[in-house]
Amino acid sequence: MPKEYRTIQEIAGPLMLVRGVTDVAYDELGEIELANGEKRRCKVLEIDGGNALVQLFEASTGINLSDSKVRFTGRSMELGVSEDMLSRVFDGLGRPIDGGPEILPEKRVDVNGLPMNPAARNYPQEFIQTGISAIDGLNTLVRGQKLPIFSASGLPHAQLAAQIARQAKVLGSNEPFAVVFAAMGITFEESNFFVESFKETGAIDRTVLFINLANDPAVERIATPRMALTAAEYLAFEKNMHVLVILTDITNYADALREVSAARKEVPGRRGYPGYMYTDLASLYERAGRQRGKAGSITMIPILTMPEDDKTHPIPDLTGYITEGQIILSRELYRKNIAPPIDVLPSLSRLKDKGIGEGKTRADHANTMNQLFAAYARGKEAKELMVVLGEAALTDIDKLYAKFSDAFESEYVSQGYNNNRDIEETLNLGWKLLSILPRSELKRIKDEFLDEYYQD
């Protein structure tokens, strides 16, 4: 029977100090019982001799210092895992919120997980088709990769996240594929949008959702991605599934980290975020990947809104260090009604070369990708010149590039949120657009591919 303490000394916001405790460890869970029998949960943040600083998961209102008692459970936060989690919706602490029954767990796992040993990692190399041309054709996602989406407030990252979760699949294989979707600090409307979107298309059958709402406590927000990754590790490395983990919004997660850090009166780092935010984010992101000797894999797409559209803000900045590239959404394209508004030039997938080519997508993929990038960049330059000097100042070939640039944005990048393009369709569309330019301009493509695909 756990020992009970009636030594609550003080409460400050979500924090509570309990004196005279013995054998209590960092990160251990506890339970506070109020005088009226109501129970609230808490977690140990700090141990100093016989003093334990704990953080409450619920509000601290109504806790009477002298009449309340605290019990520590002797274990840290755990998630009960089972294959029955698929098609279910949980809150940020892993409790069902879809009206269905409790999960009967196969086992209980510590949510903090263990970082994957770098020597046990397999290199990411299989192509994952998201059905979105700007990602598949130009910034390809590879199984086992961490590819964040950098968005900004007001941009449709929620629609893009839902689209990727619905459409993503591994080509040419019948291997079991699942999506683990964790939403942190979102509104009830957004939560409803995700759940309904998955239900309508039937994608919910292969999805596990963890939803932490904006009015839920900050400490639960910090637990949410860990719950999701624990479920993903179980499905990937014990049930041999290929799992896509989508985390949205990392900015809300980092703000919760800052809130808890400020409550503990820690010395703040850049912009008030704790100095250990880099290590904390790495402890999440590095749980993705492929392991030697295991058939399953975890691919991760963290989504974050850049405060004030600033790429140098600590959250996108640190995320960029730990992950393999980024997909950037652009306000300018959004204003032009391009959906999804993916800005392909500053976007980058560092592993794209590993997932494309003969036997994975198509032999001409790398050549056409490079040519599309080059032609779009030159087309944008031509359009900027046109704004300054007028159309008459452009050469005939520059006018063609400007025309290509417009067609590329409106046909290739813009495809809507319900259009699922397979890789063949994306590559053929690329060739159709490149045919706007004369063959002599396509210097990055081998002649054999030009002979086969170029349309005069």
Side-chain angles (χ1 to χ4, degrees), residues 124 128-168 179-186 190 193-194 197-198 207 209 224-225 228-229 232 243-255 281 284-285 288 298-334 338-352 355 413-417 419-421:
I128 290 182
Q129 178 176 289
T130 63
I132 297 162
S133 294
I135 298 178
D136 293 349
L138 301 170
N139 292 295
T140 315
L141 178 65
V142 181
R143 191 192 279 172
Q145 183 177 6
K146 308 176 283 290
L147 185 63
I149 294 174
F150 287 8
S151 180
S153 59
L155 294 185
H157 47 269
Q159 285 90 318
L160 182 61
Q163 183 177 17
I164 293 171
R166 290 193 311 263
Q167 295 179 176
V179 176
V180 174
F181 194 97
M184 294 158 277
I186 60 168
E190 284 177 298
F193 162 76
F194 286 127
S197 157
F198 295 152
T207 307
L209 280 103
T224 307
L229 284 159
V243 184
L244 174 65
V245 177
I246 298 178
L247 306 174
T248 179
D249 177 337
I250 293 292
T251 303
N252 293 339
Y253 170 82
D255 287 346
L281 288 173
L284 296 180
Y285 298 151
I298 298 177
T299 307
M300 186 188 289
I301 299 183
I303 297 174
L304 58 93
T305 46
M306 299 180 285
E308 297 155 23
D309 298 17
D310 178 12
K311 278 197 216 49
T312 66
H313 185 279
I315 305 168
D317 191 28
L318 298 179
T319 294
Y321 283 127
I322 308 166
T323 52
E324 292 112 13
Q326 68 277 333
I327 302 290
I328 294 182
L329 302 190
S330 145
R331 211 174 275 288
E332 185 192 340
L333 292 178
Y334 179 59
I338 284 167
I342 295 174
D343 195 351
V344 296
L345 293 179
S347 295
L348 166 72
S349 166
R350 294 196 181 97
L351 301 179
K352 62 186 173 195
V413 179
S414 188
Q415 64 177 76
Y417 297 108
N419 185 358
N420 187 355
R421 289 184 186 155

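Computed over heavy atoms, backbone and side chain alike; hydrogens, waters and symmetry mates excluded.
Contact annotation: the side chain of Pro156 approaches that of Pro341 to within less than 4.5 Å [non-hydrogen atoms, C-beta and beyond]. Between Ile303 and Ile246, the closest side-chain pair of non-hydrogen atoms falls below 4.5 Å. Here the side chains of Thr312 and Asp317 are not in contact, with every heavy-atom distance at 4.5 Å or above.
Judged by distance alone, with hydrogens and angles left aside, the side-chain atoms of Thr130 form no donor-acceptor pair with the main-chain N or O of Ala168 at under 3.5 Å. Distance alone, capped at 3.5 Å, is enough to place a donor-acceptor pair between the Thr299 side chain and the Gly144 backbone. Although no hydrogens or angles enter the test, the distance criterion places a donor-acceptor pair under 3.5 Å between the side chain of Gln415 and the main chain of Gly131. Checked by atom type and distance alone, the side chain of Gln326 pairs as donor or acceptor with a backbone atom of Pro346 at under 3.5 Å.
Between the CE atom in Met306 and the CD1 atom in Ile328 there is a gap of 6.0 Å [rounded to 0.5 Å]. For the atom pair OG1 of Thr319 and CD1 of Ile250, the computed distance is 6.5 Å after rounding to the nearest 0.5 Å. We find the OG1-NE2 distance between Thr305 and His157 to be 5.5 Å, quoted to the nearest 0.5 Å. A distance of 12.0 Å separates OG of Ser133 from CG of Asn139, quoted to the nearest 0.5 Å. Atoms CG and CZ, from Leu351 and Arg143 in turn, are 14.0 Å apart once rounded to the nearest 0.5 Å. Between atom OG of residue Ser349 and atom CG of residue Leu138 there is a gap of 10.5 Å, rounded to the nearest 0.5 Å.
Of all heavy-atom pairs spanning Ser347 and Ile342, the tightest one is OG-CG2, 4.2 Å. Across Gly325 and Arg350, no two heavy atoms sit closer than the pair N-NH1, 3.0 Å. Between Met184 and Asn252, the shortest heavy-atom contact is O-ND2, 2.9 Å. Counting all heavy atoms, side chain and backbone alike, Pro340 lies closest to Ile132 at CG-CG2, 4.1 Å. The nearest pair of heavy atoms linking Leu209 to Thr207 is CD1-CG2, 3.7 Å. Shown here for Ser414 and Ala339, the closest heavy-atom pair between the two residues is OG-N, 3.2 Å.
Ring geometry for Phe198 against Phe181 counts as perpendicular: the plane angle is over 60°, on a 0 to 90° scale with 30° as the lower cut.
Each of Ile128, Ile149, Val179 was checked for a side chain to side chain contact (heavy atoms under 4.5 Å, CB included) with Ile164, and the lone residue meeting it is Ile149. Results of the side chain to side chain contact (heavy atoms under 4.5 Å, CB included) test with Met300 over Leu244, Leu147, Leu229 single out Leu229 as the only residue that passes.
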Leu329 vs Phe150, test: side chain to side chain contact (heavy atoms under 4.5 Å, CB included). Steps then yes/no. CA-CA 6 Å; Leu329 302 190; Phe150 287 8; over 6 Å; no
Q: Check the pair Arg331, Asp309 against salt bridge (charged side-chain N to carboxylate O under 4.0 Å, His left out), reporting the backbone distance first and the verdict last.
A: CA-CA 9 Å; Arg331 211 174 275 288; Asp309 298 17; 2.8 Å; yes
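A donor-acceptor pair shorter than 3.5 Å cannot be found between the side chains of Tyr253 and Thr224.
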